[in-house]
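All values below come from the heavy atoms of this structure, side chains included, with hydrogens, waters and symmetry mates left out. Source: prediction; values computed, not measured.
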Amino acid sequence: MHNSEPTAQPVDLLVVGGGINGAGIARDAVGRGLSVLLVEKDDLAAHTSQWSSKLIHGGLRYLEHYEFRLVGEALAEREVLLRVAPHLIKPLQFVLPHEPHLRPKWMLRAGLFLYDNLGGWSGQKQTLPKSFAAKLRASKASNWGAGLKPQFGEGFVYSDAQVNDARLVVENAKDARARGADIRVGTAFVGAKRVGGIWHATIKDVRFGTEQTVPARAIVNAAGPWVKDLLAHIDTPATRETVKHIKGSHIIVSRVHDEPHAYILQNKDGRIVFVIPYFERFSLIGTTDVPVTDFDSPQISDDETQYLLDLANTYLVKPLTRDDIVSTYAGVRPLYDDGGDDPSAITRDYTLKLDHHVDSGAGAGGAPLLNIYGGKITTYRKLAEHAMEKLLPFFPTAKKTSWTDTPLQGGATTKSLLALCDEIQRRGISTGYAHRLVNRYGLAADQLATTDMGEIFDDTFSEKEIPYLRDHEWAQSAQAMLQRRTKTNLLASPATLPRIHAAIEKALASQ
């Protein structure tokens, strides 16, 4: 079924793609007074955005590739995002064991000096602790070498931050919706053509198969790995820009040490791998850099698994085997093709290409199309600002000033979140589940956490969350609820998970 007639009033901005870039742009645009429609064919954060290394960081290794602007912007953004989403983004210290044959001390000191200061040169105050040299052997004062082999006696400590990536996407979408954006999950972009200076875009409800033609004054192509594929369905001149699809894979194991810090490990091939505390009892180890051509359903390969295990075992005192792997994941990063051959050296910076092709014959200015190439979760907010700067000439009444450094939840601070945890516990909810609810939903946990939670499964997930996720967070499947929104599939016991699935399926069937 297809409704070929467009609705009467054009939307200002049609955003295609419900990852971090699309959600961030939708939030920025609607806050400037534009009408916004975002369409996502699968689920929010269903692809690249949920498979990151879960870090808000400048990217220490990018300094070796002279990516000073990117690192500086990312470090400044790290500070902003700690204020924007304190329930989802937490400070994290990293230990870099020194390996003299890989990188000399002077090089590491110089790199860390730059890392400490690049973010502040933009004028953004840096609040995280600065780097320092450290003895890694355990003492009464510290245990920076926890879990490492004893030969690693010296190293450096520096600061970055950790993020719940998929939830950051959802929070941006929720904020955009609260400001008036129309967010449609399970809605595919079929194609678009320019008609008299306006886009006529066809979108399709994936569940029911119905199509609709929507007029839009501008389109943002934030389709991530599919950015070039999408262009094939838009009536616009061919572009020379291309994307390199780089797969990054991770393994999850039981926690390799009991301290709260992460490791950044150097490999003899020049790459680095993180070992990051992940939720309460796991360690996340990654990532790899493998060029791929098939990016629809990426999976970790045997070679990648072995690569990560081998590097971890070079450093860890207790060796890991494949039997220790609790879970794995792989995601594809759509990096802008800068002509380089080394996957690790390809820029992680973003490139925005504006196309406002003039219609032949009529001579009218063409409706703008903005294509998003590359990017990283740390700089999504600046990417959105730069996207809006390119589109503002087409929307003279839109607000010119950037505003998205406003917290996603008004009043959310570390102090207020801790106070809410205490309050939820006073309602009879366990300490562990109270913290999970607040780390998951922030201040919204106040309305969710009542005396009537239904069954609480393993202190990780409750029946009360199911309708909330369905009705307020666009979650229309068990995978959306248990993987992207809550990580319950990792936290709950294997014996309990089937019962949680059954509760979700029952709730979804009754809607």
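Note that CD of E385 and OH of Y380 are 10.5 Å apart. Values are rounded to the nearest 0.5 Å. The CZ atom of R177 sits 7.5 Å away from atom NE2 of H472, with the distance rounded to the nearest 0.5 Å. Taken to the nearest 0.5 Å, the NZ atom of K244 stands 5.0 Å off from the CG atom of D337. One distance of note links CZ of R333 with OG of S49; it measures 12.5 Å at 0.5 Å rounding. A distance of 6.5 Å separates CD in Q162 from CG in L55, rounded to the nearest 0.5 Å. For the atom pair CZ (R167) and CG (L44), the distance works out to 10.5 Å, reported to the nearest 0.5 Å.
Between Q266 and L96, some side-chain heavy-atom pair lies under the 4.5 Å cut-off. Residues D28 and W403 meet the side-chain proximity criterion, which asks for heavy atoms closer than 4.5 Å. With a 4.5 Å cut-off on side-chain heavy atoms, F461 and I466 count as touching. Counting heavy atoms from C-beta outward, W51 and K247 have side chains that stay 4.5 Å or more apart. Residues L469 and I504 fail the side-chain proximity criterion, which asks for heavy atoms closer than 4.5 Å. Here the side chains of F94 and H57 are not in contact, with every heavy-atom distance at 4.5 Å or above. Side-chain contact between D160 and L92 is absent, with no heavy-atom pair separated by less than 4.5 Å. In this structure, the side chains of L490 and S327 come closer than 4.5 Å at one or more pairs of heavy atoms.
Identified under the side chain to side chain donor-acceptor pair (under 3.5 Å) test for residues 408-421, with sequence neighbours left out: E171-Q409, T413-S416. Evaluation of the salt bridge (charged side-chain N to carboxylate O under 4.0 Å, His left out) test over residues 443-461, restricted to residues two or more places apart or in two chains, returns R427-D446, E455-R499.
Of all heavy-atom pairs spanning S53 and H250, the tightest one is OG-NE2, 2.7 Å. When all heavy atoms of V317 and L148 are compared, the pair lying nearest together is CB-O, 3.8 Å. Across all their heavy atoms, V332 and P225 have their closest contact at O-CG, 3.8 Å. When every heavy atom of G17 is checked against every heavy atom of L38, the shortest pair comes out as O-CD1, 3.7 Å. Of all heavy-atom pairs spanning A480 and D43, the tightest one is CB-OD2, 3.3 Å.
Judged purely by atom type and a 3.5 angstrom limit, E99 has no side-chain atom pairing as donor or acceptor with the backbone of H101. Listed for the T328 side chain is no donor-acceptor partner under 3.5 Å among the backbone atoms of I251. A distance-only check finds a donor-acceptor pair linking the side chain of D324 to the backbone of T321 [under 3.5 Å]. The backbone N or O of T496 lies less than 3.5 Å from a partner atom in the side chain of S493, making a donor-acceptor pair. A distance-only check finds no donor-acceptor pair linking the side chain of R78 to the backbone of A161 [under 3.5 Å].
Environment of CZ in F132: crowded, with over 12 heavy atoms of neighbouring residues, nucleotides or ligands closer than 6.0 Å. Counting non-hydrogen atoms of other residues, nucleotides and ligands closer than 6.0 Å to CZ of F113 gives a total of 12 or fewer. For D258, the CG atom sits in a loose shell: 12 or fewer heavy atoms of surrounding residues, nucleotides or ligands are nearer than 6.0 Å. Heavy-atom contacts from other residues, nucleotides or ligands closer than 6.0 Å to NZ of K130 number more than 12.
Ring pair Y115/Y158: centre-to-centre distance below 6.0 Å.
Ion pairing between D302 and R322 holds under the 4.0 Å rule for side-chain N and carboxylate O. Salt bridge E465/R485: absent, no basic N to carboxylate O contact under 4.0 Å. Ion pairing between a basic and an acidic side chain is recognised when a charged N comes within 4.0 Å of a carboxylate O; E79 and K125 show no such pairing. Taking a cutoff of 4.0 Å between a charged side-chain nitrogen and a carboxylate oxygen, R436 and E280 qualify as a salt bridge. The pair D289-R61 meets the salt-bridge criterion, with a side-chain N (NZ, NE, NH1 or NH2) lying under 4.0 Å from an Asp/Glu carboxylate O.
With F282 as the aromatic partner, K54 does not meet the cation-pi criteria of under 6.0 angstrom to the ring centre and within 45 degrees of the ring axis.
In this structure, W144 and H261 have tilted ring planes: the angle between them lies in the 30° to 60° band. Classification of the F152-Y315 ring pair by plane angle, with boundaries at 30° and 60°, yields parallel. Classified by interplanar angle (parallel below 30°, tilted 30° to 60°, perpendicular above 60°), the ring pair Y350/H386 is tilted.
Counted by atom type alone, Y329 and Q50 present zero donor-acceptor pairs between their side chains at under 3.5 Å.
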**Message:** side-chain hydrogen bond (donor to acceptor under 3.5 Å, both in side chains) for Y433 and S462? Distances and angles first, verdict last.
**Reply:** CA-CA 9 Å; Y433 188 47; S462 68; 2.8 Å; yes

**Message:** Please determine whether salt bridge (Lys or Arg N to Asp or Glu O under 4.0 Å) holds for the pair R179 and D175, giving the CA-CA distance in whole Å, both sets of side-chain angles, and the decisive distance to 0.1 Å.
**Reply:** CA-CA 6 Å; R179 297 172 188 274; D175 190 85; 2.6 Å; yes

